[in-house]
Amino acid sequence: MYAKVVVDVNAKRVDKLFDYAVPEQLTDILTVGMRVVVPFGPRKIQGYIIELVDEMHDKPLKSILHIQDMTPELNRELIQLSEWMQQTHIAKRIAVLDIMLPRAVKGKYHKVYRLEEPESISDELYPMFSQNIVRINTLSADDIKALQPYIKDGIVTEDVEVKQQQKVKTVKAVECNVSNLDDALDSLRSDKQKSCLMMIYDEGMLTLKALKEQGYSSAVVNGLVAKNMLKKIDIEDNRDPYRHRDFVQDSKKILRDEQQTAYTAIRQAIDEETHEVFLLHGITGSGKTEVYLQTIADVLDKGQSALMLVPEIALTPQMVERFKARFGDLVAVMHSGLSMGERYDEWRKIRKGEAKVCVGARSSVFAPFDNLGLIIIDEEHEASYKQEDYPRYHARDIALWRGDYHHCPVILGSATPSLESYARAEKGVYRLLTLTKRANQFPVPSVNVVNMRDELAAGNRSMFSEVLASAINDRIQKGEQIVLFLNRRGHAQFLLCRDCGHVPNCPNCDISLTYHKATDELKCHYCGHKEHKPLTCPNCDSEHIREMGIGTQKVEELIYQHFEGAKVIRMDNDTTSRKGAHEQLLEKFKNQEANILLGTQMIAKGLDFPNITLVGVLNADTMLNLPDFRSSERTFQLLTQVSGRAGRADKEGHVIIQTYNPEHYAIQYAKNNDFLGFYREEMSYRKIGKYPPYYYLINLTFSHTDMKEVLLESKHIHQTLLNHLSPSSYVLGPAPCAIARINNQYRFQIIIKFKSEPELLKALTYLDDYYYDQFVKNKFSLSIDINPQMLM
DNA sequence: AGCACGCCGACT
DNA sequence: GTCGGCGTGCTC
């Protein structure tokens with residue numbers, strides 16, 4: 001018997017299966033999906049068993065050294081999925097496996113010295129070994145030098161210890177080891193030991209901690225262990241991040257007609273175990289979540305599991321609470337706030353079948369359920385479902401694959417579906433379910449678009465239009481709450497010389513430097529370059545060099561200047577980077593500790609506070625003007641999303657959108673809450689521009705320090721693509737990227753637009769292989785983004 | 001990737 | 001003569 005193994009080496013050259021002999025003693029234990037340690041050249045590394053072959057190999061093989069775990073980390077589905085991803089996403093198998101598994105199982109390598117002949121070593125060096133082994137990282141350079149002669153003589157050998165990042169947490173416990181209780185009790189003298197044994201006999205097993213709390217000291221327990229009546233064992237302990245929280249049991253709510261229709265349709269697919277994809281298009285507050293909860297309940301009743309994906313940012317305590325309240329301990333929650341160990345424990349709860357529901361962000365789409373009955377992707381249109389760095393994947397694609405594998409329905413839910421999904425629903429590929437009414441029957445908020453050009457003409461040069469300023473004052477007086485939205489991440493301010501127009505740029509990248517007030521420095525967000533803020537213009541020496549572009553931090557200052565009685569909570573990358581900060585700030589706002597919540601996109605979701613009656617969008621244009629074909633869609637989604645924050649309770653909500661482009665269709669349709677209108681108009685532009693959903697896109701970005709090199713290679717790439725693709729496809733470019741140089745690397749891109757190209761993956765795989773060698777030799781790098789979310 | 005091998009230059 | 005620089009090639 002031999003095994004096909006993926007080795008833990010992240011390199012293209014070894015991105016294949018290696019065959020290893022299975023040693024006699026492992027033949028019965030070894031299963032597919034297990035992690036093993038194998039010799040690899042002169043090294044010793046971790047690997048995953050992909051396949052076991054029950055035949056003799058024609059060549060002599062090296063042998064698997066040992067196994068890393070008793071239960072396989074991967075199941076057959078994930079192995080199959082990883083192969084599919086490797087082929088369709090042009091990614092290395094090991095890189096795919098790495099993102100599918102919790103980081104805790106990733107191999108960790110330590111070089112160790114092993115003392116082979118303890119009697120032959122000097123007395124000074126002997127103490128540094130414990131059990132004849134010492135780790136290299138605990139030794140000083142001098143120690144290592146002193147060991148060298150012994151290594152030469154074979155008294156000490158070098159070895160590698162392969163461990164995982166994080167261990168399974170265990171607690172000490174004892175289990176009962178007697179078959180006849182009465183006989184055992186008769187032989188005991190101590191009453192304490194007798195009652196202790198009886199208790200454990202009843203329970204089968206108890207932790208030492210629990211016994212201590214019952215008044216049985218370790219002396220009592222150890223006495224029984226010595227008599228072989230109890231056996232010490234280690235049991236797994238779960239780090240449950242929510243163990244200190246109590247959740248109020250929540251029960252089903254009655255569904256209204258639209259919800260009921262949607263529920264019935266999904267229910268049927270669940271019962272029939274068909275892989276049907278539903279697009280649940282429901283406006284904010286229409287009760288999508290209740291539909292999710294009830295369909296999940298049905299899946300659980302059938303003895304199956306359910307997976308629910310939400311954007312990271314929407315994974316708020318309120319959301320988690322709702323699931324915990326309905327399904328209790330059956331829920332595993334996975335988000336970025338968990339420690340590596342907590343994440344691993346949640347993962348294992350799912351794998352062992354203890355958790356039947358998983359609520360989590362993007363990477364949870366790989367949750368190791370083996371009997372999935374339903375997959376839900378909430379806020380289906382969110383860009384965060386696409387992993388933007390290698391290996392690039394879209395959670396929606398993975399969910400659809402898994403839905404097909406498990407023969408289970410997939411629900412894509414959104415108030416503003418992506419054009420791709422809605423178009424598929426129109427074509428009948430997905431089944432459209434619509435929720436048009438707010439569950440609580442509250443009126444949709446009124447939306448007011450303010451033309452900032454008029455404000456400027458009227459002499460108002462501040463951030464706040466007349467309408468918005470008076471509305472803010474009004475709400476402050478009434479004691480109501482306000483959400484202000486500034487679509488500028490962090491505080492991307494730059495410097496501008498008012499005399500000569502000079503903007504300080506990064507010396508390594510073609511982008512302006514960002515001003516950071518906290519450190520009074522100019523920073524480049526792409527390469528990390530930093531410099532002190534100049535006092536005068538580096539170009540003309542003028543003193544009129546000013547900060548331009550307003551960030552959240554600046555707006556906070558302005559609010560305090562303009563509005564009496566304002567109390568602001570600011571939420572952006574700077575104030576929420578600390579663990580739990582996001583939650584804390586929202587809690588403060590909920591408790592009315594502030595009347596204005598000011599933030600970036602992160603506040604567009606998940607807040608559901610009754611006292612918010614005004615939502616202001618300070619500048620709707622920043623996103624609209626990005627050079628990307630999805631900018632209108634993103635703007636429409638965001639404005640709709642933000643507007644949904646107002647007037648959810650008995651007070652009427654009001655939304656004010658400030659813009660320099662009031663007539664833009666994305667803003668107008670958002671104002672009128674008209675998804676379908678927006679969809680139709682945007683689709684017509686996509687058709688003319690040959691963009692998704694009419695065409696699929698591939699974005700190839702390549703870079704090198706020498707521009708000539710980039711231009712030369714880009715011709716080769718372009719020609720290769722033309723040779724492989726049919727005439728109905730378009731190969732655009734090469735053209736410089738929106739940021740043409742990053743870290744002194746010149747960047748160009750080629751965009752492929754196509755409808756159907758059976759040979760495309762082959763061509764891309766060829767390019768990926770070819771340019772991997774080029775990268776090794778020449779530092780020319782190529783990255784391939786299939787179905788890009790952004791073209792920048 | 002990471003390790004060994006190998007082939008050149010500048011040191012005791 | 002040999003220590004060490006990093007180019008090349010291989011890993012079941």
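Here is the naming used below: chain letters follow the sequence lines, and residue numbers restart at 1 for every chain. Treat the numbers as computed from the prediction; the structure is a model and nothing was measured.
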(Q) I need the CD-P distance between A/E158 and B/dA4, as an integer number of Å. (A) 8 Å
Q: Measure the distance from NZ on A/K111 to P on B/dG2 and round it to the nearest whole Å.
A: 12 Å
Q: Can you tell me the distance, in whole Å, between the CG atom of A/D773 and the P atom of B/dA1?
A: 12 Å
Q) Just checking, any donor-acceptor pair under 3.5 angstrom between side chains of A/E77 and A/H406? A) yes
Q: Compute the centroid of each ring, for A/F129 and then for A/Y113, and state whether the two points are separated by less than 6.0 Å.
A: no
**Q.** Flag for A/E55-A/H57: side-chain donor and acceptor within less than 3.5 Å
**A.** no
Q) Between A/E713 and A/Y771, is any side-chain donor less than 3.5 angstrom from a side-chain acceptor? A) yes
Q) Can you list, by residue number, the residues of residues 29-50 of chain A that have a non-hydrogen atom closer than 4.0 angstrom to DNA chain B? A) A/P42, A/R43
Q. Can the ring centres of A/Y393 and A/F366 be said to be less than 6.0 Å apart?
A. yes
Q.
In terms of relative ring orientation, are A/H716 and A/Y766 parallel, tilted or perpendicular, with 30° and 60° separating the classes?
A. perpendicular
Q | Donor on one side chain, acceptor on other, A/E312 and A/S384, under 3.5 Å | A | no
(Q) Please identify the 5'-most and 3'-most nucleotides of DNA chain C with any atom under 4.0 angstrom from a heavy atom of chain A. (A) C/dT11 to C/dC12
Q) Is it true that A/F775 and A/F780 have ring centroids separated by less than 6.0 Å? A) no
(Q) Using whole Å, what does the distance between atom C1' of nucleotide B/dG2 and atom CG of A/D15 come to? (A) 17 Å
